[in-house]
Amino acid sequence: KKTSIKRNILYNTFYQVLTLILPFITAPYISRVIGAAGIGTYSYTLSIQTYFSMFAALGTASYGIREIARNRDNEYKRSKIFWEIELLTVITTTICLIGWMVVIGISNEYKIFFVILTMNLINTMFDISWFFAGMEQFKYTIIQNTIFKILGVVALFIFVKRPEDVTLYVLIMSLSTLLGTMSMWLYLPKFIKKVKFKELKVFPHFKET
């Protein structure tokens, strides 16, 4: 069942407003509790991890949306394209994870933060929001992300109480994002079917991404 454009606009508007409001709620509290040093540590380690996620994802998000949108009325084609692009993402992310393990191995001061941020790379591997965007089914991604963002904010106020809790802060931020991503897979069987592995052609998508 196709979702109306008006409803998609409402979903997206709601989510954009939410992403603007939440930092106004959490930023003063986190700044006071873990301080500038804690926020700086998180920002620094996250910036390094983000480079690995960029290479892991390549251009699969925008490319995946386009290809799914082109074939969303054909169940077999969209299923085949989904599994091909997702398998490509698994391969590229696995390669980046190997490099990321090297970073963790040579790190001393920030090792624990890098270990926790590994969840962000796993999140990149399993992020299928592009599929639902191509299907114009934004409610699945927005509802799930909203639920886990709010749960993450609640967890911050409950568990992060002192400067030493910066590790816990990084854990909550990464875990809430990962759980939101993984929950999207629950809805996937509504839109795709199984495709034989031998029918998948992964690498023709590599150039496009």
Side-chain angles (χ1 to χ4, degrees), residues 15-16 18-20 22-65 85-130 133 141 144-145 148-153 155-157 159-185 205-209:
Y15 189 68
Q16 293 300 321
L18 180 69
T19 55
L20 289 173
L22 288 182
F24 283 101
I25 299 173
T26 59
Y29 176 77
I30 294 301
S31 298
R32 185 174 70 254
V33 172
I34 67 174
I39 294 175
T41 297
Y42 174 62
S43 299
Y44 171 70
T45 53
L46 181 64
S47 68
I48 296 175
Q49 181 274 313
T50 300
Y51 283 110
F52 286 82
S53 287
M54 288 171 59
F55 281 106
L58 296 179
T60 51
S62 55
Y63 172 69
I65 292 172
I85 295 176
E86 177 58 24
L87 183 56
L88 175 61
T89 306
V90 169
I91 294 170
T92 55
T93 305
T94 300
I95 293 171
C96 289
L97 277 169
I98 294 171
W100 184 244
M101 291 301 108
V102 175
V103 172
I104 293 176
I106 63 177
S107 175
N108 292 315
E109 183 180 359
Y110 301 109
K111 185 183 292 290
I112 184 61
F113 300 105
F114 288 143
V115 170
I116 295 172
L117 289 171
T118 302
M119 285 190 289
N120 287 6
L121 268 171
I122 297 173
N123 180 75
T124 301
M125 181 184 292
F126 293 106
D127 184 7
I128 55 172
S129 57
W130 52 269
T141 57
Q144 295 307 113
N145 282 327
F148 285 98
K149 276 185 179 294
I150 293 174
L151 289 175
V153 170
L156 288 178
F157 285 110
F159 297 109
V160 181
K161 298 290 186 181
R162 53 184 182 171
E164 293 78 13
D165 292 335
V166 61
T167 304
L168 194 56
Y169 169 63
V170 177
L171 176 63
I172 291 171
M173 295 294 289
S174 299
L175 184 59
S176 60
T177 300
L178 178 60
L179 290 175
T181 292
M182 297 305 294
S183 66
M184 295 179 201
W185 284 77
H205 297 287
F206 183 78
K207 181 181 178 181
E208 296 292 331
T209 58

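Because the structure is a prediction, the values reported are computed rather than measured.
In this structure, OG1 in Thr60 is found 12.0 Å from CE in Met125, a value given to the nearest 0.5 Å. Here the OG-CH2 distance, from Ser107 to Trp100, works out to 8.5 Å after rounding to the nearest 0.5 Å. Expressed to the nearest 0.5 Å, how far CG of Leu88 lies from CG of Leu58 amounts to 6.5 Å. Here Gln16 contributes atom CD and Thr19 contributes atom OG1; the two are 4.5 Å apart, rounded to the nearest 0.5 Å. Distance CG/Leu87 to NE2/His205: 9.5 Å, rounded to 0.5 Å. Taken from CG in Leu156 to OG1 in Thr26, the straight-line distance is 6.5 Å, to the nearest 0.5 Å.
The side-chain heavy atoms of Thr118 and Gln49, taken from C-beta on, include no pair separated by under 4.5 Å. Between Ile122 and Leu178, the closest side-chain pair of non-hydrogen atoms falls below 4.5 Å. When side chains are defined from C-beta on, Ser176 does not count as touching Lys149, because their heavy atoms never get closer than 4.5 Å. Put simply, the side chain of Met182 does not reach to within 4.5 Å of the side chain of Phe148, judged on heavy atoms. Side-chain contact between Val103 and Phe52 is present, with at least one heavy-atom pair separated by less than 4.5 Å. Between Leu46 and Asn120 there is a side-chain heavy-atom pair separated by less than 4.5 Å. Residues Thr45 and Phe114 form a side-chain contact, since some pair of their non-hydrogen atoms from C-beta on lies under 4.5 Å apart. In this structure the side chain of Ile39 reaches within 4.5 angstrom of the side chain of Ser31, judged on heavy atoms.
Around atom CZ of Phe206, no more than 12 heavy atoms belonging to other residues, nucleotides or ligands sit under 6.0 Å away. Summarising the local packing, OH of Tyr29 is surrounded by more than 12 heavy atoms from other residues, nucleotides or ligands at distances under 6.0 Å. With a 6.0 Å radius and a threshold of 12 heavy atoms from other residues, nucleotides or ligands, Met101 has its CE atom above the threshold.
When ring centroids are compared, Tyr44 and Tyr110 come within the 6.0 Å threshold. The aromatic ring centroids of Trp130 and Tyr63 lie 6.0 Å or more from each other.
Of all the heavy atoms in Asp127 and Glu86, the pair that sits closest is O-OE1, 4.4 Å. What you find for Gln144 and Ser183 is that their closest heavy atoms are NE2-OG, 2.9 Å. Of all non-hydrogen atoms in Ala56 and Thr93, the two that sit nearest each other are CB-OG1, 3.5 Å. Nearest heavy atoms, Ile34 versus Arg162: CG2-O, 3.9 Å.
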> side chain to side chain contact (heavy atoms under 4.5 Å, CB included) between Leu117 and Ser174: does it pass, once the steps are laid out?
Replying inline: CA-CA 6 Å; Leu117 289 171; Ser174 299; 3.6 Å; yes

> Could you walk me through whether Val33 and Asp165 pass the side chain to side chain contact (heavy atoms under 4.5 Å, CB included) check?
Replying inline: CA-CA 9 Å; Val33 172; Asp165 292 335; 5.5 Å; no

> side chain to side chain contact (heavy atoms under 4.5 Å, CB included) between Asn145 and Met184: does it pass, once the steps are laid out?
Replying inline: CA-CA 9 Å; Asn145 282 327; Met184 295 179 201; 3.5 Å; yes

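A donor atom on one side chain and an acceptor atom on the other are not found under 3.5 Å apart for Asn123 and Thr177. Using a 3.5 Å distance cut-off with no hydrogens or angles, the side chains of Thr124 and Ser53 do pair a donor with an acceptor.
With sequence neighbours excluded, the residues satisfying ring pair (Phe, Tyr, Trp, His ring centres under 6.0 Å) with Tyr169 are Tyr42.
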